[in-house]
Structures are given as structure tokens and as C-alpha cells.
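Counting starts at 1 for both ligands and their atoms, in listed order. Note that the numbering runs from 1 along the sequence shown for the chain. Quick caveat, the model's predicted, so the values are computed rather than measured.
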Amino acid sequence: MQRTNRLRVTVGGDLTSAPISSIAQTMTELRLFNSLTRQLETFIPVHAGEARVYTCGPTVYNYPHIGNMRAYVFADTLGRVLSYKGYKLTHVINITDVGHLTDDADAGEDKMEKVAAEKAQSIWDIARHYTEAYWADIKALNIRQPAHWSIATDYVPAMIEYATSIADKHCYELDSGLYFDTSTVANYGALARAKTEDGEGRIEEVEGKRHAADFAIWRKTPAGETRQMEWDSPWGKGAPGWHLECSVMSEALLGLPFDIHTGGIDHREIHHPNEIAQNQARCNSDHSGARFWMHNNFLIERSGKMSKSSGEFLRVQLLIDKGFHPLAYRLMCLQAHYRSELEFSWEGLQAALVRLKRMVMMIERLRSRADAEPMGQADMTISQVDEALSDDLNTPRVLDIAFSISDEKGYASDRLDAIFECDKVLGLNLATLTRTDLRVRPKSAIITEAAIEAALAARKEARAAKDFAKSDAIRDDLIAKGVEVMDGDLLGWDWKLDV
Ligand code: AMP
Ligand code: ZN
């Protein structure tokens with residue numbers, strides 16, 4: 001098929017393959033919650049010394065909301081912990097640029113085709129624009145580059161080959177596509193713990209389907225129509241199904257079985273059970289294809305601002321526009337365990353930002369001290385951090401450990417080492433983040449930082465000269481311009497730009 005404006009992929013290469021710790025042997029065994037068994041299990045890699053992880057990536061028809069980004073902060077944390085534990089990590093995140101329907105359960109239109117039609121634009125342009133926006137969020141949240149960004153449309157020939165290999169035994173053809181017969185594999189839906197009857201109500205019926213849960217692995221272009229994205233196949237012109245894509249890309253890049261498959265908790269219900277069914281068919285086995293299936297719980301927001309259809313929906317860029325450093329959002333995510341629901345609020349984000357500021361200022365103070373002799377704080381921290389992470393990625397505990405390292409006693413260099421040890425898995429950039437970085441300028445600000453500093457200097461002079469009328473006037477003018485003057489702020493922050 002004809003494609004234009006091909007998306008260029010930047011591959012992170014070696015970044016994630018290097019262990020960030022070489023002390024794996026001395027560590028506590030890693031226990032992770034496996035959604036398949038609903039139990040904590042010890043992580044034993046399929047290939048000694050390696051960890052192979054696949055994460056379901058975004059469908060690039062719109063900007064990701066901050067809830068979506070929680071899924072990638074979680075996957076990144078998992079990757080960092082595996083690296084910390086000394087495993088050679090191969091992480092794959094896919095980009096879905098075809099095949100995801102408006103309803104996960106196999107009904108509706110292709111999300112990409114729908115937006116392209118609404119905007120009268122090429123799907124390739126839309127995919128490129130939103131993939132780049134997603135990558136910008138990945139960078140802003142300090143999520144490490146995976147070894148591979150796999151782009152679904154690059155794998156269509158492999159998808160056709162895969163579907164052909166399972167078609168005879170496991171699929172049947174209807175006018176609308178090639179369907180997977182879920183009764184041909186053992187324990188379909190075990191991951192979701194769904195009974196067949198649950199499926200009946202939640203899945204829109206397609207005429208001719210043998211079972212409600214059966215799903216299209218190839219969707220034929222309806223007669224007389226042309227889609228922007230369509231390929232020739234043994235079942236006619238059409239496009240792959242979303243579930244097929246992840247099975248194909250994970251097998252191609254990681255081999256079956258691999259270690260861990262991740263996604264948001266909604267994927268536990270339909271998308272991942274369908275991937276598992278395909279993996280079972282492909283391998284002629286009951287194995288799900290991955291040793292662990294791990295799911296992050298949702299970020300929720302009560303006023304509906306996380307809906308992509310609401311005008312000002314919650315994107316990382318919106319947080320930045322309102323004056324929040326994106327790493328404050330990362331910290332907010334890490335304060336909750338990944339399996340807990342997390343409620344978003346601006347107050348919660350503000351509290352996370354203050355916590356980050358405190359840490360940055362403590363690091364500044366520790367850096368200004370000159371003692372050189374270590375006293376073992378880092379070693380002590382390593383064992384505490386390791387214990388917390390080994391307990392199903394207990395990041396709230398690691399944050400507590402990092403924040404309990406005070407700057408009052410002991411050797412500064414030692415304490416700094418201990419903080420940076422925690423940051424290997426927290427990913428808050430604590431070694432480089434500065435106060436200036438944290439002063440993110442709200443988009444609506446009408447005064448520059450230089451003008452604020454100049455006004456505050458003039459106010460200081462006026463106060464020294466006991467000209468309180470003048471100093472009050474300067475302060476009132478700053479308030480009118482959205483500047484909160486913070487005399488005697490415990491963090492030494494002096495001023496803040498409000499939105
Ligand atoms: P999508 O682009 O819709 O396929 O979603 C990308 C990822 O975000 C998937 O892993 C979803 O399960 C996850 N996700 C969607 N909504 C939320 C949310 N509110 N909180 C956390 N994860 C989410
Ligand atoms: Zn997927």
C-alpha cells in the first residue's frame with residue numbers, strides 16, 4: 001500500500017539493556033503480582049539473567065491523557081527495577097497506528113480512520129503527530145527509552161503470516177472478517193475471570209459469530225469502500241485486528257514465552273485475554289505466552305477532565321501550562337502503589353511538587369557541605385530500597401526512604417549517594433534537577449521572572465529604607481500580576497507564580 005510521511009522511529013538502543021546495579025546476587029528475591037493467578041509470585045526469568053517485557057502502547061489518534069501516562073510510568077518503574085536487580089532488560093512498547101476500534105470489544109470504527117475522516121487528514125500525518133506528542137510526554141516524565149518502539153503498521157506482513165498459521169484450526173471467515181473462535185483454546189478468558197455469560201452483554205453482536213467473545217483478527221474492507229489503511233490478504237483487502245498486533249509484535253521482538261506483559265487494568269478484561277488466546281493457538285499450547293501479566297490501576301478524575309472529548313482534557317502539557325513540573329506528576333504516581341486506584345486533584349499535584357522541591361533543596365544543601373568520608377548510609381539504603389522494590393514495586397516506601405534521609409547529620413556525600421541510589425528506580429532526575437527547573441512558567445503568566453526579581457529587589461530596598469507604602473505598593477502590583485510573595489517561606493522559595 002501507498003504510505004506517505006513515514007514516521008521515523010528513534011530507538012533507544014542500549015539504554016535499557018544495561019543493568020543499573022551489579023549486585024543482583026545479594027538481593028532479595030523479586031515478588032510481583034501476577035494478574036493471571038491473582039497472586040504474588042517470585043520472578044524467575046525465562047532466559048537466565050534477562051528480563052523481556054512487552055507493554056501495550058498508545059493508540060495514536062489523539063494526545064495521551066495523564067491516566068494513559070500512568071501506565072507508562074508504571075512500565076518504566078518495572079523496567080528500572082529489573083535493571084536495578086541486574087537483569088539485562090529488553091523492553092518493547094508498541095505504537096498502535098491501525099486496528100484499534102472505538103469499542104475494545106470488536107465493534108465500532110477504527111479510531112484512526114474515524115479521526116482522519118473527521119479532520120480530513122492523512123492517517124499517516126495523524127499517527128506521526130500524536131506519536132511525537134506521546135514521545136514528548138515520555139521524555140517529560142523521564143520514562144526511559146525502551147529497546148524497541150514497535151509500530152503496528154510495520155508488522156502487517158508478519159500479522160498476515162501469523163493469522164494464516166492459526167486460521168485453519170482456530171478461525172472462521174465471515175463477510176466482515178476473519179474471526180478467532182475462542183472455544184478452540186483452553187480456559188479462554190481466565191485472565192479476566194470472566195464467565196461466558198459475562199461476555200454476552202458486554203460485546204456487541206456481529207452476525208454469524210459463533211460465540212459472543214469471538215473477535216476479528218482481520219477486518220475486511222466492506223465491499224465498495226476504500227480505507228486509507230488497507231492491505232491485501234488471503235481474506236481480501238483489509239486491516240489487522242488490534243489484539244493480533246500485540247501478539248505478533250511481542251513474539252517477533254521477544255520470542256515466546258517472554259517474561260512480563262503489562263498494560264492498564266482495562267486490558268485485563270478483553271485485549272489481553274484475546275492476546276493470550278492467539279498465543280495459545282500459535283504455540284499449540286495452553287501457555288499464555290508471558291510468565292507474568294501485570295496491570296496498573298487507573299488514575300481517576302471525578303469531573304470528567306480525563307475524557308479526551310472534553311475541551312481542556314488532562315494532558316502532561318496542560319500540567320506544564322499551569323506551572324507544574326512534569327516530574328511532580330511522576331512523583332504523584334509513585335506515591336501510590338501501581339495496583340491502587342489514584343485520584344487526581346490539583347491539590348494532590350501541588351503537594352507532590354512541594355515534596356519534590358523539598359528534596360531538591362535538601363540536595364542543594366548537602367552539596368554545599370564539604371565532608372568527604374562515607375559512613376555506610378548508602379549501603380543501608382540499598383538494602384532497604386531493595387526490600388521495598390522486591391515487594392511488588394513498593395515505590396511509596398522507596399519515596400519515604402529517600403525523604404527520610406535527612407541533611408542534618410552524617411556525611412553529606414554519603415547521604416547524597418543514598419538519595420541517588422533511590423533515584424535509580426524513582427527516576428526523578430534528582431542528580432540534575434534544580435530549583436530553576438522547578439519554576440515552570442505558567443502559560444497564562446503576564447510577568448517575566450526577571451521583572452519579578454527586579455520588583456522584589458526594589459521592595460527589599462524600600463523596606464530597608466522603611467518606605468512601607470512603597471514596598472506595599474510593589475507587593476500589591478505583584479499580586480495583581482499573579483505573583484504570590486512568600487516572605488519567610490520555609491523552603492526559601494520567595495515567590496510563586498499562580499495561575
Ligand atoms: P490506549 O491508548 O487507550 O490504548 O491506552 C494506553 C494505556 O493507558 C493502556 O495501557 C490503558 O490500559 C491505559 N489507561 C487508560 N486509561 C487509564 C487511566 N485512567 N489510568 C491509568 N491507565 C489508563
Ligand atoms: Zn496490546
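- Ring geometry for W135 versus W149: interplanar angle of 30 to 60°, hence tilted.
- Atoms CD and CD1, from E275 and I270 in turn, are 13.0 Å apart once rounded to the nearest 0.5 Å.
- Stacking of K322 on the aromatic ring of W346 is recorded, both the 6.0 Å distance cut-off and the 45° axial limit being met.
- Y172 and D214 form a side-chain donor-acceptor contact under 3.5 Å, judged by distance and modelled atom types alone.
- The residues R315 and D137 are annotated as not salt-bridged, no charged nitrogen and carboxylate oxygen being separated by less than 4.0 angstrom.
- In this structure, ligand 1 sits under 4.0 Å from heavy atoms belonging to G57, P58, T59, H65, G67, N68, A71, Y72, H100, G263, G264, D266, H267, N296, N297, F298, L299, M306.
- Taking the six-membered ring where tryptophan is involved, the planes of H261 and F258 are tilted, since the angle between them lies from 30° to 60°.
- Looking only at atom types and distance, the side chain of N94 has no donor-acceptor partner in the side chain of S150 under 3.5 Å away.
- Once rounded to the nearest 0.5 Å, the distance linking OG of S250 with CZ of R52 reads 12.0 Å.
- Around the Zn ion (ligand 2), protein N, O or S atoms at less than 2.8 Å number 3.
- Relative ring orientation between Y87 and F43 is described as perpendicular, the plane-to-plane angle rising above 60° on a 0-90° scale split at 30° and 60°.
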